Protein chains: 2
Amino acid sequence: MARPRSEDRRNAIIAAATHVIANHGLAAPTALIAKEAGVSNGSLFTYFGTKADLLNQLYVELKTEMAATALDGVLVDQDVRDQMASMWRGWLGWATADPEKRRTLAQLAVSDEITRSSRDVGNRAMAEVSAILERSRETGPMRAAPFGLVVGLMNAAADATVDFIVHDPANVEAHSQAGFEAMWRMIA
Amino acid sequence: MARPRSEDRRNAIIAAATHVIANHGLAAPTALIAKEAGVSNGSLFTYFGTKADLLNQLYVELKTEMAATALDGVLVDQDVRDQMASMWRGWLGWATADPEKRRTLAQLAVSDEITRSSRDVGNRAMAEVSAILERSRETGPMRAAPFGLVVGLMNAAADATVDFIVHDPANVEAHSQAGFEAMWRMIA
DNA sequence: CTCCAATGTCTGAGTAGTCAGTCTTTTATG
DNA sequence: CATAAAAGACTGACTACTCAGACATTGGAG
């Protein structure tokens with residue numbers, strides 16, 4: 001029988017972990033993840049040394065993908081508000097297109113299994129997002145506020161908007177718009 | 001030797017659970033909670049039938065206390081903005097006075113051990129908070145938005161503000177103020 | 001007031017079960 | 001045949017929960 005390429009198997013495990021963790025939480029057995037990936041539980045540990053390794057790599061991968069999707073379509077010569085709106089749309093699109101990814105990322109983000117350095121990598125992936133936010137608030141009411149607070153407030157608004165959209169998917173467009181306007185009033 | 005009153009022991013377990021969960025997460029062994037409470041491992045299960053029971057009661061207790069503290073000091077004949085500001089101060093006070101309570105509540109809130117009915121009880125405790133929020137947004141830019149979205153956005157802003165305060169406690173007052181203004185711009 | 005039995009609570013070693021990670025066996029490939 | 005990878009049964013550590021006996025408290029009898 002043809003043996004799948006090693007990278008494909010790794011990706012299958014990552015995908016399975018996303019799915020299983022979304023539904024069973026971080027306490028989900030590795031055996032379940034392996035089964036879902038069509039891999040024996042022993043094999044899983046040849047791809048990821050420990051469960052914590054798997055979780056960290058998953059975290060980095062999801063966060064990086066999220067940032068990339070949010071930035072996709074943002075144009076350099078755009079008005080900053082349009083850049084922000086584009087990011088907002090991209091971000092909400094990512095989160096609503098595959099709610100499991102977001103749920104899993106949310107769980108990982110608060111887990112203490114995720115190391116400092118994984119978080120650093122994740123934040124670096126979000127650097128361009130931060131840059132756009134910085135320009136957005138530059139002339140607004142939060143121009144003197146600590147940037148960390150501004151970042152936190154924007155993330156919080158985005159999260160709350162996605163939560164609501166997931167809860168009532170019928171009116172994505174309206175909720176996305178309302179959330180964006182609310183966030184923009186806050187920071188710019 | 002004098003036997004502690006049964007209610008005191010229950011409270012000791014609740015307090016110990018708050019402390020232990022804040023530091024070890026929801027996966028913390030019941031044995032550790034019992035030890036911290038100065039109670040035998042077996043006794044814990046005479047007070048709470050299962051670990052899930054303990055978690056649910058803890059959730060309800062923390063959430064209720066949080067709501068009560070936030071509302072403490074709010075006056076009925078106040079301007080709605082002042083009511084909101086008073087709530088904001090109360091809430092931040094609760095969260096910063098005992099960060100472990102907030103950390104534990106945050107973990108419980110996203111846990112799937114917490115039942116529908118516990119969440120309902122918790123939300124009922126927050127009813128008055130919702131009422132003030134409803135009056136706040138009544139004439140503002142979010143008057144037509146779904147109330148659930150407004151609630152989510154306010155909670156998110158408050159959470160983000162507390163996060164930041166915990167991270168930089170030196171300037172509580174300034175951050176609290178900046179967070180409040182941001183939230184108010186959003187909803188009113 | 002003293003004693004003793006009855007009552008109900010507390011204890012912690014024990015039980016059954018689960019899980020991450022290992023290791024030997026099996027299988028595919030060049 | 002030699003090599004490398006995959007499989008999955010297995011191990012040891014750990015956990016929620018139990019249960020039989022220890023122990024404090026109470027109240028009634030002498």
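Every value quoted in this text rests on a predicted model; they were computed, and no experiment measured them. Atom set for the values below is all heavy atoms of this structure, side chains included, hydrogens, waters and symmetry mates excluded. Lettering of chains follows the sequences in order, A, B, ..., and the numbering in each one begins at 1.
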Rounded to the nearest angstrom, tell me the gap between atom CG in Leu54(B) and atom P in dC17(D).
-> 10 Å

With Trp94(A) via ring pair (Phe, Tyr, Trp, His ring centres under 6.0 Å) - residues at least two apart = none

Between Tyr47(B) and dC10(C), does any side-chain N or O lie under 4.0 Å from OP1 or OP2?
-> yes

Determine whether the side chains of Gln177(A) and Glu181(A) contain a donor N or O and an acceptor N or O closer than 3.5 Å.
-> yes

Nearest whole angstrom, please: distance from the C1' of dC17(D) to the CD1 of Ile13(B).
-> 14 Å

Among pairs that include at least one residue of residues 150-159 of chain B, which meet side chain to side chain donor-acceptor pair (under 3.5 Å), considering only residues two or more places apart or in two chains?
-> Arg102(B)-Asp159(B)

Interatomic distance, Phe48(A) CZ vs dA6(D) P [rounded to whole Å] = 13 Å

Rounded distance in Å - CD1 (Ile33(B)) to C1' (dA16(D)) = 11 Å

Rounded to the Å, how far apart are Leu44(A) CG and dA5(D) C1'?
-> 15 Å

Is there any protein nitrogen or oxygen under 3.5 Å from a nitrogen or oxygen in nucleotides 20-22 of chain C, and what are the pairs?
| from | atom 1 | to | atom 2 | distance (Å) |
| --- | --- | --- | --- | --- |
| dA20(C) | OP1 | Thr30(A) | N | 3.4 |
| dA20(C) | OP1 | Lys51(A) | NZ | 2.8 |
| dA20(C) | OP2 | Thr30(A) | N | 2.7 |
| dA20(C) | OP2 | Thr30(A) | OG1 | 2.9 |
| dG21(C) | OP2 | Lys51(A) | N | 2.6 |

Residues in ring pair (Phe, Tyr, Trp, His ring centres under 6.0 Å) contact with His24(B), at least two apart in sequence or another chain | none

Figure out the NE2/P separation between His24(B) and dC14(D), and round it to whole Å.
-> 13 Å

Going by the salt bridge (charged side-chain N to carboxylate O under 4.0 Å, His left out) test, which pairs reach into residues 113-127 of chain B, not counting sequence neighbours?
-> Arg116(B)-Asp120(B)

Short side-chain N/O contact from Ser40(B) to OP1 or OP2 of dT11(C), under 4.0 Å = yes

Report the distance from atom CZ of Arg9(B) to atom C1' of dC10(C), rounded to the nearest whole Å.
-> 7 Å

Return the set of residues passing ring pair (Phe, Tyr, Trp, His ring centres under 6.0 Å) with Tyr59(A) (not counting sequence neighbours), or none when no residue passes.
-> none

